[in-house]
Each structure stands twice: as structure tokens, then as C-alpha cells.
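Structure, as C-alpha cells:
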Protein chains: 2
Amino acid sequence: MPLGLNENEIERVDELVDKRLKVARGETLFQSGDKFNALFAIRTGFFKTHISTEDGREQVTGFQMAGEVIGLDGIVSEQHTCNVVALEDAEVCVMPFDRIEELSRKITSLQRHFHKIMSREIVRENGVMLFLGSMNSEERVAVFLINLVKRLHLRGFSSSELILKMSREDISSYLGMRLETVGRSFKKMIAEGILEVNGRHVRIINLNALTDLTLLK
Amino acid sequence: MPLGLNENEIERVDELVDKRLKVARGETLFQSGDKFNALFAIRTGFFKTHISTEDGREQVTGFQMAGEVIGLDGIVSEQHTCNVVALEDAEVCVMPFDRIEELSRKITSLQRHFHKIMSREIVRENGVMLFLGSMNSEERVAVFLINLVKRLHLRGFSSSELILKMSREDISSYLGMRLETVGRSFKKMIAEGILEVNGRHVRIINLNALTDLTLLK
DNA sequence: CGCGTCATTGATGTGCATCAAGTGGTGTGG
DNA sequence: CCACACCACTTGATGCACATCAATGACGCG
């Protein structure tokens with residue numbers, strides 16, 4: 001957690017963490033209906049969140065990586081409303097919510113930090129609504145890749161190369177399209193010399209062109 | 001604000017409100033890029049929030065009514081990222097964010113309440129992602145109407161009749177479709193005896209059938 | 001190695017966008 | 001007070017982007 005805290009405060013933030021939890025690839029961290037007690041900060045690994053309705057519909061709502069926080073959906077009704085699955089072996093910090101609230105009453109900067117995390121999630125979802133509501137398939141794929149590589153770059157990874165931890169199906173659900181269409185969008189971008197794709201290995205050859213794809217011409 | 005507070009605490013919550021603000025129909029409460037200082041609780045009236053990109057794309061991200069809170073998007077970067085427009089003459093309570101944080105350090109139940117408001121917004125947006133990503137046009141319209149009438153009913157209005165404060169265009173943007181398609185969905189539901197529609201006046205004849213439309217058959 | 005999962009590719013169908021014209025209600029000014 | 005313009009909405013005709021269906025290919029892993 002990157003904060004503006006002094007030494008003493010950092011120690012106290014450690015109090016937030018009840019324990020660490022390992023989640024193996026494919027395992028569920030929590031699911032819809034589970035009682036909400038804690039938020040989870042990802043130490044390592046990669047997750048997807050998705051919601052499912054009684055009638056069998058599924059929608060992937062996001063992909064989360066190290067440093068991001070999961071579980072915010074559970075606060076409102078003290079019960080989770082989405083499912084979280086590890087897409088690779090992962091480790092999370094369990095932060096009991098009572099403790100978060102207690103400590104953020106004492107440490108102003110922590111309080112502010114936590115509020116920003118929630119707000120960031122709201123803004124992120126606004127962005128998802130934007131592409132789901134008003135972009136064609138190729139634009140969606142471009143937005144998706146750019147966002148992913150940007151976040152990975154912030155974590156010290158390459159800004160032009162990435163390994164997709166999720167399946168085409170997960171991507172397509174997140175982007176509101178069919179997996180075949182995701183594949184064909186890739187194909188088109190490859191033909192245009194924008195990408196190289198090998199299974200889940202993606203290399204961005206021309207980031208500018210990719211960015212241009214997200215823009216209305 | 002419906003809280004679990006004692007008398008004394010309720011008085012202190014009044015401290016949250018700096019002032020009231022009237023917003024005339026068509027006016028903008030705040031827009032993307034504006035400095036964030038405060039949240040706004042709607043006392044009366046009806047708003048839409050939307051985001052716009054540099055390239056001219058627009059997406060309506062929500063409709064808000066009395067008792068709901070606007071401005072949560074601004075917390076993360078101390079700057080708003082969406083636009084809020086009154087769809088009818090409205091009045092809001094301006095709650096400086098500093099004061100919210102300060103007071104929620106002192107009043108536990110207020111703190112919890114505020115966190116729930118943010119979490120509720122996250123869950124709401126998850127629901128929007130669901131229908132944007134995985135429902136056809138008729139299902140979207142059905143979800144939209146049911147949600148709207150339910151919220152109005154909670155506020156003492158009819159559970160079967162409503163006046164749409166927003167245009168077909170606003171609806172269509174929110175639902176990720178074209179205004180013509182919204183109209184045609186209405187038409188179909190009218191033909192099936194589910195709705196009566198007269199301009200912006202909508203009467204739900206058969207709520208069960210409308211609900212069924214939102215379900216995968 | 002062999003099976004199952006995941007991805008690619010092609011052929012066909014369709015839901016919704018797009019384009020275009022028409023309707024009705026409302027406000028304005030001559 | 002009517003004529004006109006304007007706006008929000010409706011209705012119809014057409015086309016296309018993407019879904020759907022189906023078959024094959026390529027891993028990755030047990």
C-alpha cells in the first residue's frame with residue numbers, strides 16, 4: 001500500500017492485516033452470497049471478478065493484479081455479490097473490515113487512502129461502461145490491451161509485451177462480445193502490424209496505432 | 001439520510017451540509033475536470049451522470065434521484081471525471097468532503113453509512129456492466145424500467161406508473177443502444193400488453209411479464 | 001502419450017445500427 | 001391566432017457488425 005505515512009503509522013497499518021492467504025490457480029477467494037468480513041489486498045497473482053445471475057448469465061467485471069484491493073462490493077449489504085477466482089497462484093492479505101474502519105478513524109491518511117481506493121473502482125467501472133456502451137469490438141480489445149499493459153508497466157513489467165492470464169472466453173465476457181470476435185480482432189490487428197499474438201503471449205508492436213484504434217476517426 | 005443515529009448524532013450530521021443548492025432543469029451541477037470538494041445529496045429532483053471522451057463519445061452512466069449521492073467519482077484524483085446534469089429542477093445538499101471525513105472519524109455509524117454508499121455504487125455499476133455486456137435490447141429496457149419503478153416506489157410513488165424524466169436518447173445511451181431501438185422495444189412490449197407508453201408517461205401493466213423478459217428463457 | 005481444454009478459422013444468420021422520412025406537440029413571432 | 005420552425009419521437013427500409021454454428025488445430029497437463 002503506497003501511502004503518505006510516517007514510520008510509526010506504517011507499523012500500525014500492518015495491524016490491518018490479519019493474515020496472509022494463498023489462493024491456488026483456479027480457486028475461488030470468495031463468491032456471491034458469502035458473508036463479508038474483510039477486504040483483500042493482492043500481494044501476488046492475478047484474479048478475475050465476475051457476477052452470475054440465477055438464470056445462468058455471467059459477466060466478468062474485472063481483472064485484478066498485485067496491489068489492488070478486492071471485496072469492496074461486500075460492504076453495502078455485508079455480503080458479497082460477486083465471485084473472485086485466481087487466474088494464477090496468488091497470495092492476498094486479509095484485512096478485516098472492522099479493523100480498517102477502526103484504524104482509519106485514527107489515521108487520517110489511511111482514511112483518505114481507503115476512500116480513494118473505493119472511488120477509483122467507481123471511476124474504473126465508469127470506463128468499462130463507456131466501452132461496453134459505445135465502442136465496437138476492435139476498439140474494446142484495444143482499450144483492454146492498453147489498460148492491461150499500462151497497469152503491468154506500473155508494476156515493473158514490459159510496456160510492450162504481456163502474458164494474458166485469462167482465457168479468450170474471460171476476455172470476451174469482460175468486453176461484452178464472443179470469444180471468436182476477440183480472436184478476429186486480434187487477427188486484424190496482427191494483419192495491420194500492430195500486434196504479435198501467440199496464444200496468450202501478446203506483443204504490442206505499435207502502441208500509437210493501438211491507441212488510435214480506441215479513438216473515433 | 002436514513003441512519004441508525006441518536007438525536008445528538010443527527011444534529012451533528014447536519015453539520016455535514018454546508019449549504020443547499022438549487023439546480024435548474026438542464027443545468028450542470030459539475031462536470032469533468034472540475035475540482036472536487038464536496039459530495040452532493042439530492043434533496044429533490046432528478047439527475048443524469050455521463051462521461052464524455054475527447055473524441056466526442058458520450059455514455060450516460062446513471063440516473064439519480066432524491067436521497068442518492070453524487071460526486072463519488074471525484075475523490076480519487078480530487079477532480080471530477082463525469083458530468084452531472086439536472087433533468088428537472090432540483091435541490092442538493094452540498095457536503096464538503098473534508099467535513100465528511102472528519103465527522104466520520106467521530107461517528108462510527110456515519111462512517112459505516114458512507115462506506116456503504118460507495119459500495120452500493122460499485123455494486124450498481126456491476127449490474128450495469130451485466131446488462132451492457134450480456135443482454136439484448138429488450139432485456140435492457142426491461143431491466144431499466146424495473147429498476148426505475150422500484151426506486152420510485154421506495155420513495156412513495158406508484159409501483160406501476162412513472163414519468164420518464166430523461167429523453168429516449170439518454171435512455172439509449174445508458175443502455176448502450178440507439179434511441180430507435182429503445183422505441184421499438186417499447187413498441188414490442190406494448191404489443192404484448194406489458195406496457196402502456198405515451199411519450200414519457202409509462203404504465204406497467206404486467207410487471208411479472210416484464211420481469212420475465214429480463215430472464216434467460 | 002492421449003485426452004481435454006483452449007484457440008483458430010470459416011460459413012451462415014440475425015439483431016441492431018444506420019439512414020431517411022414522417023408525425024405530433026410546443027413555443028414563437030408576424 | 002395561425003403559420004412556421006423546432007424538437008422529441010416514431011416508423012420503415014436496408015445493410016453490416018457481430019453472433020452463432022461447426023469443424024479443425026494446438027497446446028498443456030495429468
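Only a predicted model underlies this, so the values are computations on that prediction, with no experimental measurement involved. All chains are named by letter (A, B, ...) in the order of the sequence lines, taking the proteins before the strands, and each is independently numbered beginning at 1.
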Can you check nucleotides 5-9 of chain D for protein contacts, nitrogen or oxygen pairs under 3.5 Å, and list what you find?
from	atom 1	to	atom 2	distance (Å)
D/dC9	OP1	B/R200	NE	2.9
D/dC9	OP1	B/R200	NH2	3.4
D/dC9	OP2	B/R168	N	2.9

Open item on the list: Walk along nucleotides 13-18 of chain D from 5' to 3' and tag each nucleotide B, S or - by protein heavy-atom contact under 4.0 Å, base first, then sugar-phosphate.
Closed with: B----S

Task: Qualifying side chain to side chain donor-acceptor pair (under 3.5 Å) pairs, either residue in residues 129-154 of chain B, two or more places apart - done: A/R57-B/E139, B/E68-B/R151, B/E138-B/K188, B/N147-B/R151

Open item on the list: I'd like to know if the side chain of A/D73 and the backbone of B/V123 have a donor-acceptor N/O pair within less than 3.5 Å.
Closed with: no

Task: CD (A/Q79) with more than 12 external heavy atoms under 6.0 Å - done: yes

TODO: Under 4.0 Å from any atom of DNA chain C, heavy atoms only: list the residues of residues 49-65 of chain A that qualify, in numerical order.
DONE: none

TODO: Verify, without hydrogens or angle tests, whether B/Q59 (side chain) and B/S173 (backbone) share a donor-acceptor contact under 3.5 angstrom.
DONE: yes

Open item on the list: With heavy-atom distances below 4.5 Å as the criterion, would you say the side chains of B/I51 and B/C82 are in contact?
Closed with: yes

Open item on the list: So A/M177 and A/V141, do their side chains get closer than 4.5 Å, heavy atoms only?
Closed with: yes

Give the table of side-chain donor-acceptor pairs shorter than 3.5 Å for residues 195-205 of chain A, with sequence neighbours excluded, one pair per line with atom names and distance.
from	atom 1	to	atom 2	distance (Å)
A/R200	NH1	A/K165	O	3.2
A/H201	NE2	A/E161	OE2	3.1

- [ ] Could you tell me whether the side chain of B/T61 and the main chain of B/T49 form a donor-acceptor pair under 3.5 Å?
- [x] yes

TODO: Measure the spacing between CE of B/M135 and CG of B/L175 and express it to the nearest 0.5 Å.
DONE: 11.0 Å

Open item on the list: How bent is the helix from C/dC1-D/dG30 to C/dG30-D/dC1, measuring the angle between the end axes built from five pairs each, rounded to 10°?
Closed with: 40°

- [ ] Give a yes or no answer on whether the side chain of B/R168 reaches the backbone of B/V182 with a donor-acceptor pair at less than 3.5 Å.
- [x] no

Task: Partner set under side-chain hydrogen bond (donor to acceptor under 3.5 Å, both in side chains) for A/H115, not counting sequence neighbours - done: B/E101, B/H115

Open item on the list: If the condition is salt bridge (Lys or Arg N to Asp or Glu O under 4.0 Å), which residues does A/D170 pass it with, not counting sequence neighbours?
Closed with: A/K48

Task: side chain to side chain donor-acceptor pair (under 3.5 Å) contacts in which one or both residues fall within residues 22-46 of chain B, not counting sequence neighbours - done: none

Open item on the list: Is it the case that the side chain of B/D55 and the backbone of A/L216 share a donor-acceptor pair, with hydrogens and angles ignored and the cut-off at 3.5 Å?
Closed with: yes

Open item on the list: Between the side chains of A/K116 and B/E78, is the shortest nitrogen-to-carboxylate-oxygen separation below 4.0 Å, so that they form an ion pair?
Closed with: yes

TODO: Could you check how far CG of A/L175 sits from P of D/dA19, rounded to whole Å?
DONE: 11 Å

Task: Short side-chain N/O contact to C/dG10 OP1/OP2 from A/K187, under 4.0 Å - done: yes

- [ ] Give the B/S/- string for nucleotides 24-30 of chain D, one per nucleotide from 5' to 3', where a protein heavy atom under 4.0 Å of the base yields B, of only the sugar-phosphate yields S, and otherwise -.
- [x] -------

Task: Contacts of type ring pair (Phe, Tyr, Trp, His ring centres under 6.0 Å), residue B/F131, not counting sequence neighbours - done: B/Y174

TODO: Could you tell me the separation between the CZ atom of B/F114 and the CG atom of B/L16, rounded to the nearest 0.5 Å?
DONE: 10.0 Å

Open item on the list: Generate the contact string for nucleotides 20-28 of chain C. Rules: B means base contact, S means sugar-phosphate contact only, - means no protein heavy atom under 4.0 Å.
Closed with: ---------

